[in-house]
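Each remark here refers to the structure printed beneath this line.
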Amino acid sequence: MALRTADQYLAGLRDGRFVTFKGERVKDVTTHEHLGIGARHTALDFELAEMAEHRQLFTWTDDDGQTHSRYYKRPENSQDLLNRREMIETSTRIGDSVVLLVKEIGTDALFALDLVSRVVDAKAGTQYNKRVAAFHQHCRDNDLTLAVAQTDVKGDRSLLPSEQEHPDYFVHIVEEREDGIIVRGAKAHTTGTPFVDEIIVLPTRAIAEADAAYAVAFAIPVNTPGVKLLASPFGGGHSLGAFHSPVSSRHRLVDTLTVFDDVFVPKERVFLQKEWQAAGFLANTFVEFHRFTAISYKPPLCDLFIGAAALLAQYNGIHKVSHVRDKLTKLITWTETVRALSRAAAFDCRVTDFGLAVPNIIQTNLAKYHFAAHYHEAICWVQDIAGGLVVTGPDEADMASAVTRPFIDRFLGGAGVNAEDRLKALNLVHDLTASDFGGYNQLLSIHAEGSLEAQKITIYRDYDLDRCKDLAAGIIDVEWK
Ligand SMILES: Cc1cc2nc3c(=O)[nH]c(=O)nc-3n(C[C@H](O)[C@H](O)[C@H](O)COP(=O)(O)OP(=O)(O)OC[C@H]3O[C@@H](n4cnc5c(N)ncnc54)[C@H](O)[C@@H]3O)c2cc1C
């Protein structure tokens, strides 16, 4: 099969999968009142690949003349990584700042599995790399979508998997058979699971030998018996409509508590089975690729912050005021630092001896940290410029009422702008910063792709301190090694 259409993709999601929303089983995720918004959002991925103006960026033709989704192109050099970041930034911009994430995160995991399985095979004599390559080809040739369930529910954060109150807080192997394994446990906040064909499961952290059963990686179709997806209601603006929620009424991510209730995984889909020494290596390698995806999809939301703030500065008649210019400049600086670092991470990539380009770790983590560390501050700048009407403005019904509309038109206009357009701009800021969706984005900025501390740990761990120590020691003429 070549590329799928959006309709073919959506039809594939009607496969009997077990998804719940607010305690009730969902019959069809594509037509569900809330989840359907997420499904139509992710279908954009397939629509873009069909559009003449985007086809070249979103597809790639291999040496045999077969055309595939570009997400499945294994990065071999800086240009491949630049193309990938451009594709992710473009699709997110067209998604009005909401990333699609039905191929991005899964291919991040495929690249990490390719790298790690080679090392494990060489040390343990396993055959995982062939299985990873076969799975990659299967996804590419069938134009499939993928979620990645890495973050375990974890219980007590200070304890190892086997030290927890019960053994199932982390996903683990409960039975090994000739033809595969049985797994049990749950993963938290898995994004996009109701809207993908396959779930890739990876370990969260490094573990000790006593916890070898928790060193497990695999991929299975979402409708596999025993897989249960409890969809979160947060992050949508459907009920308020397009006037109040211009972005979130049309675009949303859906995350699930992903339960593995004694799930059978056939052995050709198992990519790590108790090789406990590799659990942390796999977890970190995935993150190296996934944080690059993160910093590729962040800029469109930052751009929207700048645009909405600049528009409202004009509508409020304060665009020439120095503190407003200062805040807009800070927003621009924040945005362009993230964008520039994401490009730098592609330029300064590391190419492995088997030809896989890995984005620069320091620059990737700096970009993610810089974005997250200043996100709430950026909201403060935007809200400051916008003013209190962001949360005190009238309802859409007031706009439609002959009783109230004349007052709105008379009293809520701005500098050279009518009341309706000004309220639309204010509602955009409400949606992005003061709504359920805005709050969701705040948590996403901090925690998705790893918390702030995770980036700091990585920057410290990977930075070449010795190079700087050499420099200092050389100037004062001392030996330190
Ligand atoms: C919107 C969103 C989407 C996401 N999508 C996905 C996804 O698709 N797939 C996926 O696998 N994950 C996903 N995540 C999970 C994300 O990677 C985690 O939220 C993140 O790694 C933090 O883990 P946590 O939520 O369990 O928080 P916690 O681990 O509870 O972190 C809370 C605080 O505790 C600290 N902490 C935790 N453990 C320790 C410790 N041992 N020692 C010291 N400090 C500690 C952290 O640094 C942080 O400050 C998503 C998260 C969000 C918010």
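In listed order, ligands and their atoms are each counted from 1.
- Taking 4.0 Å as the cut-off, A149 counts as a neighbour of ligand 1 on heavy-atom distance.
- Each of the following atoms of ligand 1 lies closer than 4.0 Å to a heavy atom of E453: 47 (O).
- Between K154 and D152, no side-chain nitrogen of the basic residue sits less than 4.0 Å from a carboxylate oxygen of the acidic one, so the salt-bridge criterion is not met.
- When distances from atom 1 (C) of ligand 1 to the protein are checked, a heavy atom turns up under 4.0 Å.
- For atom 49 (O) of ligand 1, no protein heavy-atom neighbour is found at a distance under 4.0 Å.
- Closest to atom 51 (C) of ligand 1, if we only count protein heavy atoms, is A448 CA, 3.8 Å.
- For ligand 1, the atoms lying closer than 4.0 Å to a non-hydrogen atom of K154 are 23 (O), 24 (P), 26 (O), 29 (O).
- Cation-pi geometry between R84 and F292 is not met: the NZ or CZ atom fails to fall both under 6.0 Å from the ring centre and inside 45° of the normal.
- Counting the atoms of ligand 1 from 1 in the order shown, those under 4.0 Å from a heavy atom of D255 are 3 (C).
- The ring of Y297 has its center no closer than 6.0 angstrom to the ring center of F371.
- Residues E89 and R339 are paired through a salt bridge, judged by an N-O separation under 4.0 Å between the basic side chain and the carboxylate.
- Contact record, R85 with S296: CB-OG, 3.2 Å, taken as the closest heavy-atom pair.
- By the 4.0 Å N-to-carboxylate-O rule, D303 lies too far from R93 to be salt-bridged with it.
- Taking only nitrogen or oxygen atoms, main chain and side chain alike, I105 does not reach within less than 3.5 Å of ligand 1.
- For atom 33 (C) of ligand 1, the closest heavy atom belonging to the protein is H447 CE1, 4.6 Å.
- For D143 and K103, the salt-bridge test passes: some basic side-chain N is under 4.0 Å from an acidic carboxylate O.
- Using a cut-off of 4.0 Å between Lys/Arg side-chain N and Asp/Glu carboxylate O, K123 and E275 are scored as not salt-bridged.
- When non-hydrogen atoms are compared, ligand 1 lies under 4.0 Å from neither the backbone nor the side chain of K187.
- Polar contact with ligand 1: absent for Y440 (N/O pair, distance under 3.5 Å).
- Here the side chains of Y71 and I88 are in contact, with some heavy-atom distance below 4.5 Å.
- At the shortest separation from atom 21 (O) of ligand 1 among protein heavy atoms lies G450 CA, 3.7 Å.
- When K456, R157, E449 are ranked by how near their heavy atoms come to atom 39 (C) of ligand 1, first place goes to R157.
- For atom 43 (C) of ligand 1, the nearest protein heavy atom lies 4.0 Å or farther away.
- Closest protein heavy atom to atom 9 (N) of ligand 1: V148 O, 2.8 Å.
- For the pair R291/Q455, a side-chain contact is recorded, criterion being any heavy-atom separation below 4.5 Å from C-beta on.
- Annotation: side chain of I295 is not in contact with side chain of Q363 (no heavy-atom distance under 4.5 Å).
- For ligand 1, the polar-atom distance check finds an N/O of S451 within less than 3.5 Å of one of the ligand's N/O atoms.
- Electrostatic pairing of K267 and D179 does not count as a salt bridge here, judged by no charged N lying under 4.0 Å from a carboxylate O.
- Where the criterion is an N or O separation shorter than 3.5 Å, residue side chain and backbone included, T191 meets it with respect to ligand 1.
- The shortest N or O to N or O distance between T151 and ligand 1 is below 3.5 Å.
- Comparing H189, Q150, Q442 by heavy-atom distance to atom 14 (N) of ligand 1, the nearest is H189.
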